[in-house]
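Presented below is the structure to which this report refers.
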Amino acid sequence: MTDRAAATPFAANRSLFAFALIYGGMTVIAGVLAFKQIALGPLAVESGIFAFLMLVVLSSAIAQLHGRAAADRLVLWGFAPLGLSILLILLVLGLPASSEMPPENLAAFERVLSSTPRIMAAGPVAYGVSLLLNVWIFDRLRGGKAESGGLWLMLRGAIASAISQAIDSVIFITLAFYGTFPIADLVLGQALAKIALSFILVPPLIAGAVKFGHWLDRPGRNGGVEPA
């Protein structure tokens with residue numbers, strides 16, 4: 001195989017490579033950001049919602065650029081960094097702290113990163129179901145059309161995100177907190193916030209990601225391989 005032939009697959013899939021790197025980071029940071037509650041108007045929501053919406057944007061963009069199968073594989077591979085991060089957190093929490101670490105810093109660290117087994121289990125379940133559902137809805141709404149942008153692309157992204165993220169809220173909050181306190185208001189607040197952001201933020205971000213992906217995959221860009 002020549003150097004030219006070996007370089008071709010990567011040159012043709014820069015967007016898949018770049019988006020996958022960002023996607024893996026978002027799966028990990030979403031759970032950390034979730035510990036801060038923010039106010040969006042009258043609604044109180046966990047700030048991990050922004051990282052999770054980036055997962056929606058990236059999986060939708062890859063479905064648009066490379067097909068549903070590639071997006072589904074991305075979602076499934078997302079369990080790898082998610083699972084590894086959980087294992088590393090458990091390992092670090094189990095190791096003895098240095099005597100030089102201030103007690104208040106250790107208490108804050110453990111308070112943020114210690115989660116109950118229910119919450120640790122709820123996160124991956126909600127992640128898998130909602131992201132696979134998002135890709136499926138986004139792809140089904142495409143209806144065989146090959147458009148690369150425009151209003152329909154953004155509307156598909158908004159609809160798929162709104163439905164999948166509302167279901168994500170129901171799954172996660174129910175699995176994590178059902179029976180410990182009344183969850184109806186929390187589910188409603190989370191779902192409304194995610195639906196609103198799905199129509200405000202997700203459409204332009206998907207359109208931008210798809211456009212950026214086409215730019216990354218353009219033959220000959222930054223030393224890429226020109227077609228023979």
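Numbers here are sequence positions counted from 1.
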| query | What is the distance from atom CD1 of Ile29 to atom CD1 of Ile22, rounded to the nearest 0.5 Å? | reply | 14.0 Å

| said: Is there a continuous path of hydrophobic side-chain contacts, each under 4.5 Å between heavy atoms, that joins Trp77 to Leu21? | reply: no

| query | If you round to the nearest 0.5 Å, how far is OG of Ser47 from CG of Leu33? | reply | 5.0 Å

| query | Taking atom types as modelled and ignoring hydrogens, do the side chains of Ser161 and Asn134 form a donor-acceptor contact shorter than 3.5 angstrom? | reply | no

| query | For the atom pair CG (Leu16) and CG (Leu58), what is the distance rounded to the nearest 0.5 Å? | reply | 11.0 Å

| message | Side chains of Ser15 and His66: any donor to acceptor distance under 3.5 Å? | response | yes

| task | Give, for atom CE of Met54 and atom CD1 of Ile49, the distance between the pair rounded to the nearest 0.5 Å. | result | 13.5 Å

| message | Give me the atom names and distance for the closest heavy-atom approach of Leu197 to Leu53. | response | CB-CD1, 3.5 Å

| query | Should Val28 and Phe19 be counted in the same cluster of Ile, Leu, Val, Met, Phe, Trp and Tyr side chains packed under 4.5 Å apart? | reply | no

| field | Least distance between heavy atoms, Phe138 atom then Leu153 atom | value | CZ-CD1, 3.6 Å

| Leu131/Leu74 under side-chain contact (heavy atoms from CB on, under 4.5 Å): CA gap, chis, key distance, verdict | CA-CA 10 Å; Leu131 266 297; Leu74 179 76; over 6 Å; no

| Expected output: side-chain Arg14 to main-chain Leu216 donor-acceptor under 3.5 Å | yes

| task | Answer yes or no: is there a side-chain heavy-atom contact under 4.5 Å between Phe79 and Thr27? | result | no

| request: Dump the intermediate steps for side-chain contact (heavy atoms from CB on, under 4.5 Å) on Phe109 and Val92, then the final yes or no. | output: CA-CA 10 Å; Phe109 178 85; Val92 171; 3.9 Å; yes

| remark: On a heavy-atom basis, the closest approach of Ile206 and Gly157 is CD1-CA, 3.5 Å

| message | For Tyr178, is the OH atom crowded, meaning more than 12 foreign heavy atoms sit under 6.0 Å from it? | response | no

| remark: Tightest non-hydrogen contact, residues Ala209 and Leu65, listed as O-CD1, 4.5 Å

| query | Taking the inter-plane angle between the rings of Phe52 and Tyr127 on a 0 to 90° scale, is it parallel (under 30°), tilted (30 to 60°) or perpendicular (over 60°)? | reply | perpendicular

| task | Measure the OG-CE distance between Ser59 and Met26 for me, rounded to the nearest 0.5 Å. | result | 13.0 Å

| note | Note: Arg142 and Gln64 closest approach over all heavy atoms is NH1-O, 3.3 Å

| request: List the atom of Leu133, the atom of Ser164, and the distance in Å for their closest heavy-atom pair. | output: CD2-CA, 4.1 Å

| query | With sequence neighbours excluded, what pairs up with Pro204 under the side chain to side chain contact (heavy atoms under 4.5 Å, CB included) test? | reply | none

| message | If hydrophobic clusters are built by linking Ile, Leu, Val, Met, Phe, Trp and Tyr wherever their side-chain heavy atoms come under 4.5 Å apart, do Leu84 and Leu55 end up in the same one? | response | no

| Heavy-atom donor-acceptor pair, Ser169 side chain to Val187 backbone, under 3.5 Å | no

| task | Identify whether Trp136 and Ile171 are in the same connected component of the hydrophobic contact network (ILVMFWY, side-chain heavy atoms under 4.5 Å). | result | yes

| Do the side chain of Asp168 and the main chain of Ser130 share a donor and acceptor less than 3.5 angstrom apart? | no

| field | hydrophobic_cluster_shared for Ile195 and Leu205, side chain cutoff 4.5 Å | value | no

| note | So OG of Ser198 and CD1 of Ile163: to nearest 0.5 Å the spacing works out to 10.0 Å

